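Order of the sequence lines sets the chain letters (A, B, ...), proteins ahead of strands, with each chain counted from 1. What you see is a predicted model, and the numbers here were worked out from it, not measured in a lab.
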Amino acid sequence: MRIATWNVNSVRQRLTPLLAFLKEDAPDILCLQELKCETEAFPRLEVEDAGYNVVLHGQKTFNGVAILSKRPIEESYVGLPGFDHEGQSRYIEAVLSDGVGGAVRVASIYAPNGNPPDTPKYRYKLAFMEALTQHAAALLQLEEKTVLAGDYNIIPENRDVHDPAAWAGDALFLPESRAAYRRLVNLGYVDALRAVTDDGGLYTFWDYQAGAWQKNKGIRIDHLLLSPQAADRLQGVEIAKTLRAGEKPSDHVPIAAQLG
DNA sequence: ATGGCCTTGGGGCAAGGA
């Protein structure tokens, strides 16, 4: 089973590369973030024609998350439990068949950016991470195959950014942000990419500005966190880097985990 | 050499993103 996550930066602007990815990469499950449209405006027919079931939580202009699945979606839950989302659509969770007689629980997460620091936006980012950590702890108790996938808006370590000094004061890389990510992982999750490689320079985002892609000035902020039951099945991780060079790219690229 | 963008809503340009 292949599960991917992708911040598309407007699903309507990204429809062509999205459908191409579904056809060519054909993940079993694809988590999307930053739909930037209301639920009714999501291109449901096109995605269903591509062979996928959909659950989503849209929002006008900002945010918006979805889970696409080849197999039927058995349960779905909108919103992060215990968190007043203030109208921001940043979390959706689903339970699906894993195709081999079991189930897999998947979350599509769009964590807040949090810039600038020393503002309510940064406190909101940390509050979201705290609520996510609480919920993630509860999910571990279920002892299921669980994948928490999405745009965490956190650069975990120095090796995950082209120039750590340039990002030192950014909400994505502040020590408090990185500590929040560590607390989540340290509950007992596995950062899928880090389970398969120690290499630095593996990025999922390149800014549109200043030729960041051409200069490979990227950051790793899109992550797949695996419960122990999911991690035991991990066979590989791939970053679909070529999509960043395509027509009308998102500033993020998909990252996918292969689970046995 | 430096800095160089994209999206939405809405009909300018502000706001958000990272």
Side-chain angles (χ1 to χ4, degrees), chain A residues 5-18 31-43 56-66 85-91 108-129 132 149-178 180-181 193 200-223 239 241 243-255:
Chain A
T5 182
W6 189 14
N7 178 323
V8 287
N9 185 18
S10 171
V11 70
R12 288 180 291 180
Q13 289 295 325
R14 225 60 64 202
L15 188 57
T16 299
L18 171 61
C31 299
L32 299 177
Q33 301 87 35
E34 278 210 274
L35 305 177
K36 292 190 171 180
C37 68
E38 292 176 297
T39 298
E40 301 72 31
F42 184 89
L56 74 141
H57 190 205
Q59 180 184 334
K60 191 176 183 179
T61 311
F62 302 121
N63 308 313
V65 286
H85 58 77
E86 302 175 8
Q88 301 193 29
S89 303
R90 295 184 176 275
Y91 186 94
S108 180
I109 301 163
Y110 178 46
N113 174 306
N115 277 308
D118 299 319
T119 66
K121 291 190 174 186
Y122 191 63
R123 292 190 285 279
Y124 184 77
K125 177 190 186 84
L126 295 180
F128 181 94
M129 287 303 296
L132 179 59
D151 177 1
Y152 284 77
N153 267 317
I154 294 176
I155 302 165
E157 299 180 287
N158 282 340
R159 59 183 165 170
D160 299 313
V161 51
H162 64 94
D163 182 359
W167 288 79
D170 195 282
L172 279 60
F173 197 50
L174 283 174
E176 204 170 353
S177 303
R178 298 161 64 186
Y181 184 75
L193 184 90
L202 299 172
Y203 307 134
T204 62
F205 170 93
W206 296 261
D207 201 295
Y208 288 123
Q209 299 188 63
W213 164 247
Q214 289 77 6
K215 297 176 181 176
N216 196 26
K217 292 187 171 183
I219 54 179
R220 186 172 78 93
I221 55 176
D222 300 273
H223 309 302
I239 298 174
K241 191 174 175 179
L243 270 70
R244 187 62 179 79
E247 288 286 309
K248 285 190 68 174
S250 170
D251 39 9
H252 299 247
V253 295
I255 175 169

Pick base, sugar-phosphate or nothing for Asn153(A), based on heavy-atom distances below 4.0 Å to the nucleic acid. sugar-phosphate
Find out whether Trp206(A) and His162(A) are in side-chain contact, i.e. whether some heavy atom of one side chain is under 4.5 Å from a heavy atom of the other. no
Without decimals, in angstroms, what is the distance between Gln209(A) CD and dG16(B) P? 16 Å
If we take the C1' atom in both dT7(B) and dG12(B), what is their distance in whole Å? 16 Å
Taking atom types as they are modelled, is there a donor-acceptor pair under 3.5 Å from the base of dA18(B) to the side chain of Asp170(A)? no
Does the side chain of Ile219(A) come within less than 4.5 Å of Asp160(A)'s, by heavy atoms? no
Any base atoms under 4.0 Å from Asp151(A), or only sugar-phosphate, or nothing? Heavy atoms, all strands. sugar-phosphate
Whole-Å distance, Tyr122(A) OH to dG17(B) P, equals 15 Å
For Lys215(A), which contact category applies under a 4.0 Å heavy-atom criterion: base, sugar-phosphate, or nothing? base
Atom C1', compared across dC5(B) and dA18(B): separation rounded to whole Å: 12 Å
Nearest-neighbour nucleotide for the Arg14(A) side chain, dT7(B), dG9(B), dA18(B) considered: dT7(B)
What's the spacing between Asn153(A) CG and Lys125(A) NZ if we round to 0.5 Å? 5.0 Å
Gap between atoms CG and C1', on Asn7(A) and dC6(B) respectively (whole Å): 12 Å
Please give, in whole Å, the distance from dG9(B) C1' to Gln13(A) CD? 13 Å
Let's test your reading of the model: under 3.5 Å, does the base of dG17(B) pair with the side chain of Lys36(A) as donor and acceptor? no
